[in-house]
Amino acid sequence: MEKEGRGRRAALPSPATTADGGVVGGDEADRAWWGWSWASAFRLPGRQRGDTGVPARWLEFNFYLFSMALRFEVLGRFNRARAARLTLPHFTCQTPLFMPVGTQGTIKGLTTDQLEEIGCQIILGNTYHLELRPGSQLIDDLGGLHKFMNWKRALLTDSGGFQMVSLLHLADITEEGVTFQSPVDGKPMLLTPEESIHIQNNIGADIIMALDDVVKTTITGPRIEEAMYRTLRWIDRCIAAHKKPDVQNLFGIVQGGLDPVLRDICVKGLVERNLPGYAIGGLAGGEDKDSFWRVVAQCTAGLPEDKPRYVMGVGYPLDIVVCSALGADMYDCVYPTRTARFGTALVPEGVLKLKQNAMATDERPIDPTCPCMVCKNYTRAYLHCLVTKDAMGSQLLSYHNLSFMMRLSRDLHMSILEGRFPEYVIIQLNFVSFVSFLTVLVNKKVSMPYCRFVRGFLRMQFPKGDVPKWVRNAMVVAGIDISECCTPAKYPRDAMDAPGTDIPELLPPTKCS
């Protein structure tokens, strides 16, 4: 069998297939096919050795571009939305996918067996916090993070860049890198692009992130431009420092705030580097939703069709549905587990707050349509007692919430493959009717051809056409007709009702130009 792209891989036995359709890689010897030949000399397409724009020292790293340790295959589409197979050294994933955040190599309260049970494909670890405790060198000495935490599937580590925002009061950012004051012992820690990659090489995740200069999207002025150009300079340093491109995939991160010109420059610069994948960073930080979706739409339109696209920090189900409609593939957020620790469960209607007194005598499960072990075995009343008094409550709710997110990911993937994505999107906008309908199906044990019922449910659920305006705007660009969710007077004209706004201004370019 030949490896897609340049070079060949040796004929090796196919990796083992898991019960949920994923593929687990073997030991180091069995993964040898990820490091295929890079013997031939290379240059970036359309560029000569002396061209400006890409540092000449890149030519010393000609192995990098042709030794990507992933394969990304688009299996189905609906307009911009796509369902794909992402093959990584430790696991073969289905996209769109959601990644839970295990900051220090653990999802609080859950075992790795439980995460496999609910269908988790990739766990995200935090480079900064793992370096503080227990230390990347110790993790490397003990066989890497996969072995250290007993996780056989894929891992992604962030670069530590987000801490420039979350720990800004402890950080000093310069061209060299960012110096943090440790929240553990107060000692300074200099995180440079080179050091970030060195730490991530030690940790051993399947996907590693380039160190970027992160600023909140609510900030305006020259700091946004400074951060974007620094991000492009730092990606070159990350590439030069990356020692394991045959087993770890370095993703670049698009920055530029809410400025479409800066985002366009950053997209172009990263695409020139021909990285294994790309992330859209600097969002989910307090910006308005209309600005949020426009940045996602612009960036996905400019990023390569044959590479995964990862929107960082996004975890609300509706946001994931909209971003998937706009062509994104991967998401992460602490939201499902953090909200669980506050006694809140994710349900098709939205959220269920189990601390409320009304839950104290409610004998129903969290969600009667959910197949997870929490919904099968425990009542709302029992969980109400736990979340107000016992840590077990947050553990059970974390299990349920992540199970909800994994099912959302699978449903998105299958709805695109089966050509029913528009109906699925509309159902997501109609949570109450959807769960009521599914409850009827479960109780009466009838078939589930729900597409024919969706529009009727939407007319009942949204009699005033009150789908959020930002969602309606985004769906126009995604090419998904949700007009039957809205009153004719408000759709699609209302999507353009800002002064001086017309349809062409709503549509981001199909490619960066």
Side-chain angles (χ1 to χ4, degrees), residues 42-65 127-128 157-165 168 171-180 189-201 207-217 219 221-243 245 248-283 295 299 302-304 307 310 312 512:
F42 108 106
R43 68 173 182 269
L44 289 175
R47 291 185 179 273
Q48 302 299 321
R49 182 177 295 268
D51 283 353
T52 60
V54 178
R57 65 176 180 274
W58 274 37
L59 298 176
E60 299 175 8
F61 296 93
N62 58 4
F63 61 89
Y64 178 76
L65 299 183
T127 294
Y128 172 76
T157 45
D158 69 1
S159 63
F162 177 70
Q163 276 63 49
M164 296 182 199
V165 173
L168 182 61
D172 180 28
I173 305 165
T174 66
E175 187 63 28
E176 182 182 8
V178 54
T179 301
F180 294 102
M189 171 187 174
L190 175 61
L191 188 66
T192 65
E194 293 80 7
E195 182 65 13
S196 174
I197 297 301
H198 173 69
I199 293 169
Q200 293 184 81
N201 282 164
I207 298 173
I208 65 177
M209 304 305 299
L211 185 65
D212 54 339
D213 189 352
V214 185
V215 294
K216 293 187 68 172
T217 48
I219 293 176
R223 178 70 181 99
I224 298 291
E225 183 174 0
E226 175 192 47
M228 186 279 293
Y229 280 109
R230 180 173 287 147
T231 294
L232 286 179
R233 292 192 297 272
W234 280 3
I235 187 64
D236 296 338
R237 293 167 60 185
C238 289
I239 291 171
H242 188 19
K243 304 303 182 186
Q248 292 182 286
N249 299 282
L250 175 61
F251 280 28
I253 304 175
V254 179
Q255 292 292 347
L258 304 180
D259 187 325
V261 174
L262 295 181
R263 287 281 179 174
D264 186 65
I265 292 170
C266 200
V267 166
K268 284 182 178 179
L270 291 176
V271 170
E272 284 182 334
R273 273 76 174 173
N274 192 25
L275 298 161
Y278 303 89
I280 302 168
L283 293 176
V295 170
C299 293
L303 292 171
K307 303 288 180 68
Y310 163 28
M312 306 180 78
C512 288

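The first residue of the sequence shown is numbered 1, and numbering continues consecutively from there. A quick note: this is a predicted structure, and the numbers were derived from the prediction, not measured.
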Over all atoms of both residues, closest heavy-atom pair of [X] and [Y]:
{"X": "Ile224", "Y": "Lys216", "value": "CD1-O, 4.1 Å"}
{"X": "Trp234", "Y": "Gly177", "value": "CZ2-CA, 3.8 Å"}
{"X": "Leu191", "Y": "Gly160", "value": "CD2-CA, 4.0 Å"}
{"X": "Gly252", "Y": "Ala210", "value": "CA-CB, 4.4 Å"}

Problem set entry | Residues Glu226, Arg230: salt bridge by 4.0 Å N-O rule | yes
Problem set entry | Charged N-O contact under 4.0 Å between Arg273 and Asp236 | yes
Problem set entry | CA sep, side-chain torsions, deciding dist, call: Ile207, Met209, side chain to side chain contact (heavy atoms under 4.5 Å, CB included) | CA-CA 7 Å; Ile207 298 173; Met209 304 305 299; 4.2 Å; yes
With rounding to the nearest 0.5 angstrom, report the [atom1] to [atom2] distance, [X] to [Y].
{"X": "Leu232", "Y": "Arg237", "atom1": "CG", "atom2": "CZ", "answer": "13.5 Å"}
{"X": "Glu194", "Y": "His242", "atom1": "CD", "atom2": "NE2", "answer": "14.0 Å"}
{"X": "Ile219", "Y": "Leu258", "atom1": "CD1", "atom2": "CG", "answer": "11.0 Å"}
{"X": "Met312", "Y": "Asp212", "atom1": "CE", "atom2": "CG", "answer": "6.5 Å"}
{"X": "Cys299", "Y": "Gln255", "atom1": "SG", "atom2": "CD", "answer": "9.5 Å"}
{"X": "Ile197", "Y": "Ile239", "atom1": "CD1", "atom2": "CD1", "answer": "9.0 Å"}

Determine whether [X] and [Y] make a side-chain contact, defined as any pair of heavy atoms from C-beta on separated by less than 4.5 Å.
{"X": "Val178", "Y": "Thr192", "value": "no"}
{"X": "Gln248", "Y": "Asn201", "value": "yes"}
{"X": "Leu283", "Y": "Ile280", "value": "yes"}

Problem set entry | The single option from Asp213, Leu262, Val254, Asp259 passing side chain to side chain contact (heavy atoms under 4.5 Å, CB included) against Met228 | Leu262
Problem set entry | Pairing residues for Thr157 by the side chain to side chain contact (heavy atoms under 4.5 Å, CB included) criterion, not counting sequence neighbours | Thr127, Gln200, Ile203, Ala205, Ile208
Problem set entry | By side chain to side chain contact (heavy atoms under 4.5 Å, CB included) - contacts of Pro304 (at least two apart) | Val271, Tyr278, Asp306, Lys307
For this session: Please report the C-alpha distance between Glu195 and Leu190 in whole Å, then the side-chain angles of each, then the deciding distance to 0.1 Å, and finally whether the side chain to side chain contact (heavy atoms under 4.5 Å, CB included) criterion is met.
Result: CA-CA 8 Å; Glu195 182 65 13; Leu190 175 61; over 6 Å; no
